[in-house]
Protein chains: 2
Amino acid sequence: MAKVSKPESCLSCPYKWKYLNLLEDKDINSIQRSCTIINFKKGETICKQGTDATHALYLAKGMVKLYIEGKKNLILKLIKSGEYIDLQTLFGDKTYKYSVAAMEDTMVCMINSEILQDLAKQNSDYLFELTKTISDSGNYVYKKISDISRKQLRGRLADSLLYLRNEIFNSDEFDMGMTRKELAELSSMSMENAVRILSEFKKDKIISLEGKRIKILQIDILKKLSDIG
Amino acid sequence: MAKVSKPESCLSCPYKWKYLNLLEDKDINSIQRSCTIINFKKGETICKQGTDATHALYLAKGMVKLYIEGKKNLILKLIKSGEYIDLQTLFGDKTYKYSVAAMEDTMVCMINSEILQDLAKQNSDYLFELTKTISDSGNYVYKKISDISRKQLRGRLADSLLYLRNEIFNSDEFDMGMTRKELAELSSMSMENAVRILSEFKKDKIISLEGKRIKILQIDILKKLSDIG
DNA sequence: GAATATTGTTGTTTTATATCAATAAATTTT
DNA sequence: AAAATTTATTGATATAAAACAACAATATTC
């Protein structure tokens with residue numbers, strides 16, 4: 001199970017949020033006292049759809065997937081270290097609309113929601129940055145819903161590959177770090193079709209593919225596929 | 001075209017936002033000075049996907065649809081009077097991810113974005129409520145993306161009817177105030193299928209239907225259809 | 001109020017995509 | 001390292017939903 005500990009110093013933490021310094025030192029210390037560090041192993045659930053949020057979850061190290069559960073899962077996005085995992089559940093209606101699970105070994109800081117919100121209310125520069133974060137996250141979902149509801153298989157898989165390249169790995173070549181099933185869940189399609197289209201892209205020399213290792217050979221074609229949908 | 005005027009008194013406005021009073025009177029006056037009232041006729045575009053947001057749009061009177069444009073439109077939600085139309089574009093990356101158009105004659109208050117944000121920064125109770133609004137709007141989209149990507153036609157149309165009943169008209173009987181095409185766009189399906197399923201629901205006595213007038217006869221069945229997807 | 005345009009309706013056909021099935025490959029567990 | 005489980009692959013089949021078509025009913029414009 002997940003291993004629990006307390007932070008030594010949030011002020012000098014190498015993983016701290018880029019806007020944490022908008023708070024005064026005493027407030028950062030107050031966050032530190034409230035903070036619990038939890039280490040999750042790959043595959044472990046960090047938060048569960050339907051439960052209530054009591055803590056802000058800050059992803060210090062690792063990578064997680066945020067997904068909606070149902071008969072089939074829908075992965076909405078991956079989250080990399082240095083970002084808050086949720087926020088909008090804290091400020092909104094408190095019940096998680098999704099689950100979050102670790103894609104690799106992951107270190108999460110849990111900060112009591114009330115303490116964070118009190119501090120935010122007292123420091124509007126900090127709150128302002130939190131609000132910007134929440135807003136951008138909402139804007140991302142608008143794009144996602146538009147892509148998913150309108151594009152067909154090839155366009156959606158191209159979207160996923162471009163997403164991995166541009167937002168997650170920042171490189172033409174990467175280990176996608178997820179199973180075909182998860183890639184399918186990210187692209188809202190069946191696993192069989194994800195496999196099929198992946199092979200098709202490989203055959204057409206748009207990507208090279210070996211196991212989970214992907215190299216994007218013709219990004220312009222992927223972009224075109226994404227555009228025509 | 002849309003008719004433009006200035007507000008007489010935001011402080012005593014019967015349509016004002018329920019949290020406006022969190023601001024001090026001088027700040028409300030400052031909003032008033034920056035505010036322009038615009039009256040849109042049914043069908044007119046209030047904001048256009050792809051353009052940049054320069055003003056907060058507050059919907060004082062009327063009803064609008066917020067939709068993503070593409071080969072086919074996707075209506076994400078309807079917005080009733082007493083709510084901000086966007087916000088998250090203002091606090092996020094500024095470019096509208098969607099368009100908004102009037103479903104009926106509508107009165108919108110445009111407030112300069114910088115003025116609103118400056119006031120918000122100086123009054124964190126107000127900013128806090130704005131943040132809550134943005135968060136809930138994001139949470140709504142999570143539900144929408146989940147419904148749209150997983151349910152099939154009947155479930156999605158049931159969702160739309162329940163949405164109109166529960167969130168918009170608060171009554172079992174209502175004039176849906178939109179064309180079949182728009183109902184289809186709200187449900188992410190073709191117009192033909194929206195018509196077909198509507199007739200099916202009518203035949204099965206789940207709803208009564210005459211033109212745009214709908215009466216929900218068996219809400220439990222709609223809920224069930226929504227649940228099983 | 002006639003003419004035109006838009007919206008609604010129903011049946012048929014086509015297409016995209018999921019599901020099923022059978023087998024192969026890769027992991028994980030023993 | 002063998003056994004068991006999960007993941008990946010490919011082909012065949014079934015199904016949901018879109019597109020097409022032809023016509024009816026409303027709106028809108030002249």
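This one's a predicted model, so the numbers in the text were calculated from it and none came from an experiment. A, B, ... follow the sequence lines: proteins, then strands. Residue 1 opens every chain.
Distance CD1 (A/I197) to P (C/dA16): 12 Å, rounded to an integer number of Å. Across the protein-nucleic acid pair, B/M178 atom CE and C/dT6 atom C1' stand 18 Å apart, rounded to whole Å. What separates NZ of B/K42 from P of D/dA27 is a distance of 10 Å, to the nearest Å. In this structure, CZ of A/R180 is placed 14 Å from P of C/dA25, rounded to the nearest angstrom. Rounded to an integer number of Å, the gap from NZ of A/K71 to P of D/dA16 is 11 Å. For the pair B/R150 CZ and D/dA16 C1', the computed distance is 18 Å after rounding to whole Å. Spacing between atom CD of B/E182 and atom P of C/dT6 amounts to 15 Å, rounded to whole angstrom units. Rounded to a whole Å, the CD atom of B/E200 is 11 Å from the P atom of D/dA17.
Between A/T131 and B/L130, every side-chain heavy-atom pair lies at or beyond the 4.5 Å cut-off.
Separation of atoms OG1 (A/T45) and CZ (A/F40) is listed at 8.5 Å; rounding is to 0.5 Å.
For the salt bridge (Lys or Arg N to Asp or Glu O under 4.0 Å) with B/D159, the qualifying choice from B/K143, B/K144, B/K151, B/R150 is B/K151, the only one to do so.
Summarising the local packing, CZ of A/F169 is surrounded by more than 12 heavy atoms from other residues, nucleotides or ligands at distances under 6.0 Å.
Two residues, A/S190 and A/K212, neighbour DNA chain C, and the one matched to the more 5' nucleotide by heavy-atom proximity is A/S190. Residue B/V195 is the one, among A/M189 and B/V195, whose nearest nucleotide of DNA chain C lies closer to the 5' end (criterion: closest heavy atom).
Look at B/S199 and you won't find any side-chain N or O under 4.0 angstrom from OP1 or OP2 of C/dT9. Phosphate proximity of D/dT10 to A/R196: absent, as no side-chain N or O sits under 4.0 Å from OP1 or OP2. Close to D/dA18, at under 4.0 Å from its OP1 or OP2, lies a side-chain N or O of B/N193.
Nearest nucleotide to the side chain of B/L153, out of C/dA18, C/dG8, D/dA18: D/dA18. Picking from D/dA18, C/dT9, D/dT7 the nucleotide with the shortest atom distance to the side chain of A/M191 gives D/dT7. Of the listed nucleotides (C/dA18, D/dA21, D/dA18), D/dA21 has the atom at the smallest distance from the side chain of B/E192.
Heavy-atom minimum distance, B/A56 versus B/Y84: CB-CE2, 4.3 Å.
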